[in-house]
Amino acid sequence: MDSRDLSNVRNIGIVAHIDAGKTTTTERILFYTGKIHAIGEVHEGDTTTDWMVQERERGITITSAAISCEWKGCNINLIDTPGHVDFTMEVERSLRVLDGAVGVFCAVGGVQPQSETVWRQADRYRVPRLAFVNKMDRMGADFGRVVQEMRDKLHANAVPIELPIGKEDSFTGVVDLVEMKSVIFDEASLGAKFTVGDVPAELKDDAELARAELCEKVADLDEGVMEAYLEKGDLSSDELKGAIRRLVVSNQMVPVLCGTSLRDKGVQPLLDAVAWYLPSPLDRSATEATDLKSGEKVTRRPDEKELLSSLVFKIAADRFVGRLYFVRVYSGILKKGANAYNPRTKKRERIMKIVRLFADQQIEVDELKAGDIGAIVGLKDCTTGDTLCSEMKPCYLERIVAPQPVMFLAIEPKSGADKDKLVESMAQLAAEDPTCQVRQDDETGQTILSGMGELHLEILVDRLKREFKCAANVGKPMVSYVETVTQPAVKEFTFDRELGGKRHAVTLTMEITPLDRGAGRKVEIGRAVKMALPDPKLEECITQGLMDGVMTGVLARYPMTDIGVTATGVTLVDPEVSDEIALRGAAVMGFREAAEAAKPEFLEPIMKLEITTPPESVGEVLGDLNGRRGTVLDMEQRSDMQVVHARVPMAQMFGYATAIRSLTKGRASYSMEPDSFDIVPRNVREELLAR
């Protein structure tokens with residue numbers, strides 16, 4: 001692939017709140033680009049990208065699906081991501097490797113909680129975006145309000161490049177503000193045919209005003225067209241397209257389009273916008289990596305002549321070929337039959353088979369070049385976030401950070417014969433999904449399966465039964481509390497024991513400090529300790545001991561977070577007795593004493609909740625929230641409904657779907673997402689200690 005070809009590649013994702021219409025929009029994209037010849041529907045369970053049994057049964061996207069298609073000379077690699085909060089990791093790892101994204105918004109719901117979450121994720125990776133306001137045919141659709149919400153809630157420079165023609169039932173097409181033409185879609189041909197004409201007379205004034213605003217905003221931000229705009233007071237369509245593209249690529253502008261995917265209107269102009277405005281791999285800045293040997297920062301340009309650098313961003317099980325390792329190639333060429341180096345394991349991996357993906361179908365290819373997204377079959381030791389690179393100058397790319405699970409359940413095999421199979425199957429699920437964690441409870445001996453919410457755990461258990469044929473007994477989902485410390489503490493601990501007829505003794509000093517919420521865990525070995533230890537391997541013993549202490553906590557054996565631990569001093573009694581066992585024992589026991597002195601507390605996950613309810617039910621909803629230890633943040637009017645924003649402990653949200661239906665006679669809806677961890681009230685603390 002030469003640079004001219006690479007300029008026509010678009011690696012994009014479709015991101016949105018649940019039910020905004022991502023999968024429906026993706027299905028239309030495949031239909032209009034000729035990849036499929038019949039449109040599937042989410043409600044009928046026959047869409048291309050929702051191929052899992054669980055997705056088709058529930059009508060939701062659970063796992064990111066990668067597909068490729070072509071539109072007007074552009075090769076589009078597209079990832080359809082989930083919208084449900086429980087599967088936010090799928091969005092995270094997709095955005096990590098994409099060059100652009102299309103944010104889909106409901107014309108009625110506007111900017112919803114998960115819309116904000118995925119937008120922040122895209123901000124973190126500086127992914128250029130377009131916005132598509134979907135469901136313009138719905139009652140209560142309001143294009144202008146959604147654009148304003150994008151500006152207010154997302155702090156995005158959202159600028160319409162289209163206006164809707166009609167609204168709700170009368171929505172028929174769009175006005176293209178760049179070309180100043182109308183596009184009317186033919187329903188009989190499922191939108192495949194459309195008529196381009198003049199702007200309707202009744203919209204001419206609004207369209208001219210909107211185009212003038214578009215030109216002014218573009219000229220303000222792009223010096224390349226400022227002079228032409230000042231001279232003429234207008235910009236040609238070619239000048240506008242070039243300037244909009246530059247502003248999108250530099251993340252200074254978000255063009256907003258509209259349509260209704262379910263009614264087959266507005267998707268072709270969206271495809272045009274993807275081709276015109278979203279960046280190719282060449283438009284993105286060179287990828288930053290870290291040299292494995294020197295630790296210095298290096299860059300990798302999207303060029304097949306560069307050394308290989310690629311990122312494994314997802315692992316999926318396939319019933320025919322085993323594990324599929326989804327990979328984005330940033331530089332060089334990944335070739336079938338060649339070796340690639342994994343800096344994490346410091347081992348070579350043989351590339352046995354390479355495929356391009358079309359949802360659950362695969363097309364075998366000989367190589368993936370810079371800018372490509374595909375999958376590898378047959379890797380031996382690779383996890384999500386690993387780099388595969390050239391062994392000549394090994395480097396590693398920034399890993400993908402998984403959020404901490406907030407819910408867990410106990411799971412056990414129905415018979416002794418199923419035990420090994422269950423352990424192996426859960427290990428496979430954990431390898432695929434970094435937010436799925438499996439651990440053994442030392443006190444009860446139970447196997448604990450952790451995830452991001454009730455639905456996530458339900459899907460994991462369902463997959464164990466269907467895909468892996470594992471019969472298991474499953475406990476009720478419970479909230480994953482964590483522990484933290486609230487003040488600094490320093491502790492000197494002497495470990496002096498006789499084990500197996502041999503003495504093990506050492507004195508270790510450690511310092512514990514509380515960190516900001518969300519900072520995680522930080523374990524360090526101080527300079528004085530490093531200088532005092534004769535063998536660097538002994539540092540690892542201290543680190544492992546401290547991590548054991550952090551992961552088992554001090555109050556009720558919950559893992560600790562937002563904590564910094566530093567081993568600041570060590571006294572070796574004697575080289576013979578101050579060994580690995582002594583250092584690890586001193587680290588574990590000393591940490592526990594230090595943590596107990598640092599005033600430990602429980603933290604509980606807090607959810608951000610958005611409830612849309614009829615005004616007459618607001619009182620009942622607020623009363624219920626108060627009983628759940630909820631805090632109302634604000635309220636707003638949205639069309640004829642009242643929207644309540646609140647923060648509620650996750651432990652209080654079990655069964656909320658049934659409760660809200662009962663309170664509002666089935667008329668209210670809600671959505672929630674993880675917000676933060678807060679210290680639990682005293683009565684909850686006492687309950688947790690008594691368990």
Side-chain angles (χ1 to χ4, degrees), residues 16-21 60 83-88 103-120 133-135 138-156 406-407 452-455 479 517 604-681 684:
H17 184 87
I18 190 169
D19 283 340
I60 60 171
H84 198 284
V85 62
D86 284 18
F87 309 107
T88 188
V104 180
F105 298 86
C106 173
V108 181
V111 176
Q112 296 166 285
Q114 192 65 7
S115 309
E116 296 182 55
T117 300
V118 298
W119 204 264
R120 286 196 301 269
V133 180
N134 191 26
K135 303 188 179 183
R138 290 267 305 274
M139 185 72 71
D142 190 333
F143 179 72
R145 175 177 57 79
V146 178
V147 172
Q148 192 57 48
E149 283 187 12
M150 290 180 63
R151 295 167 180 166
D152 296 341
K153 294 183 178 182
L154 306 178
H155 308 293
V406 295
M407 197 169 282
M452 297 303 297
E454 283 184 275
L455 179 60
V479 171
R517 289 289 168 266
E604 63 178 344
I606 306 295
M607 307 301 288
K608 187 186 291 183
L609 185 65
E610 182 183 279
I611 306 164
T612 304
T613 179
E616 60 269 23
S617 300
V618 168
E620 289 84 351
V621 169
L622 296 182
D624 181 71
L625 285 176
N626 187 52
R628 295 174 185 270
R629 295 195 283 123
T631 303
V632 176
L633 302 176
D634 60 62
M635 297 169 61
E636 62 173 304
Q637 191 77 25
R638 187 178 294 169
S639 188
D640 60 341
M641 301 290 273
Q642 195 76 28
V643 180
V644 179
H645 300 274
R647 294 175 78 248
V648 189
M650 179 178 237
Q652 303 295 321
M653 293 304 295
F654 288 102
Y656 190 66
T658 303
I660 193 74
R661 282 197 296 268
S662 175
L663 288 169
T664 63
K665 298 178 181 175
R667 295 180 61 198
S669 61
Y670 77 97
S671 59
M672 64 178 179
E673 61 171 338
D675 183 41
S676 61
F677 279 81
D678 283 357
I679 293 175
V680 302
V684 177

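Side-chain atoms of Ser662 do not come within 3.5 Å of backbone N or O of Thr658 as any donor-acceptor pair. For Asp675 (side chain) and Ile606 (main-chain N/O), no donor-acceptor pair under 3.5 Å exists by modelled atom type.
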**Request:** Quick one: do Leu625 and Ile611 satisfy side-chain contact (heavy atoms from CB on, under 4.5 Å)? Show the steps, please.
**Result:** CA-CA 10 Å; Leu625 285 176; Ile611 306 164; 3.9 Å; yes
**Message:** Is there a side-chain contact (heavy atoms from CB on, under 4.5 Å) between Met635 and Leu622? Walk through the geometry before answering.
**Reply:** CA-CA 11 Å; Met635 297 169 61; Leu622 296 182; 4.2 Å; yes
**Request:** Tell me, with the steps shown, if Tyr670 and Val621 meet side-chain contact (heavy atoms from CB on, under 4.5 Å).
**Result:** CA-CA 11 Å; Tyr670 77 97; Val621 169; over 6 Å; no
**Request:** Show your reasoning for whether side-chain contact (heavy atoms from CB on, under 4.5 Å) applies to Thr613 and Leu663.
**Result:** CA-CA 10 Å; Thr613 179; Leu663 288 169; over 6 Å; no
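Of all the heavy atoms in Val108 and Met139, the pair that sits closest is CG2-O, 3.4 Å. Residue Cys106 comes nearest to Arg138 through the heavy atom pair SG-NH1, 4.5 Å, listed as atom of the first residue, atom of the second, then distance. Listed here is the closest heavy atom pair of Pro615 and Asp640: CD-O, 3.5 Å. Smallest separation of non-hydrogen atoms from Ile660 and Ala657: CG2-O, 3.3 Å. Residues Gly655 and Glu454 share a closest heavy-atom pair of N-OE1, 4.5 Å. Closest non-hydrogen pair, Ala16 versus Val118, comes out as N-CG2, 4.1 Å.
For the pair Val643/Glu610, a side-chain contact is recorded, criterion being any heavy-atom separation below 4.5 Å from C-beta on. Annotation: side chain of Met672 is not in contact with side chain of Val648 (no heavy-atom distance under 4.5 Å). Side-chain atoms of Glu149 and Arg638, non-hydrogen and from C-beta on, do get closer than 4.5 Å to each other. Residues Met641 and Ser617 are not in side-chain contact: their nearest non-hydrogen atoms beyond the backbone lie 4.5 Å or more apart. Side-chain atoms of Gln642 and Gln637, non-hydrogen and from C-beta on, do get closer than 4.5 Å to each other. With contacts defined as side-chain heavy-atom distances shorter than 4.5 Å, the pair Glu616/Arg667 qualifies. Inter-residue side-chain proximity for Arg629 and Val684 is flagged as met; some heavy-atom pair is nearer than 4.5 Å.
The distance from atom NE2 of His17 to atom OG of Ser671, rounded to the nearest 0.5 Å, is 4.0 Å. A distance of 10.5 Å separates CG of Leu455 from CE of Met407, quoted to the nearest 0.5 Å. To the nearest 0.5 Å, the span separating CG on Asp634 from NE2 on His645 amounts to 5.0 Å. A distance of 14.5 Å separates CE of Met650 from OH of Tyr656, quoted to the nearest 0.5 Å. Note that the OG atom of Ser676 and the CD atom of Glu604 stand 9.5 Å from one another [nearest 0.5 Å].
Between Phe105 and Trp119, the two ring planes are tilted [angle within 30° to 60°].
Residues Glu636 and Lys153 are paired through a salt bridge, judged by an N-O separation under 4.0 Å between the basic side chain and the carboxylate.
Evaluation of the salt bridge (Lys or Arg N to Asp or Glu O under 4.0 Å) rule for Asp624 yields Arg628 as partners, not counting sequence neighbours.
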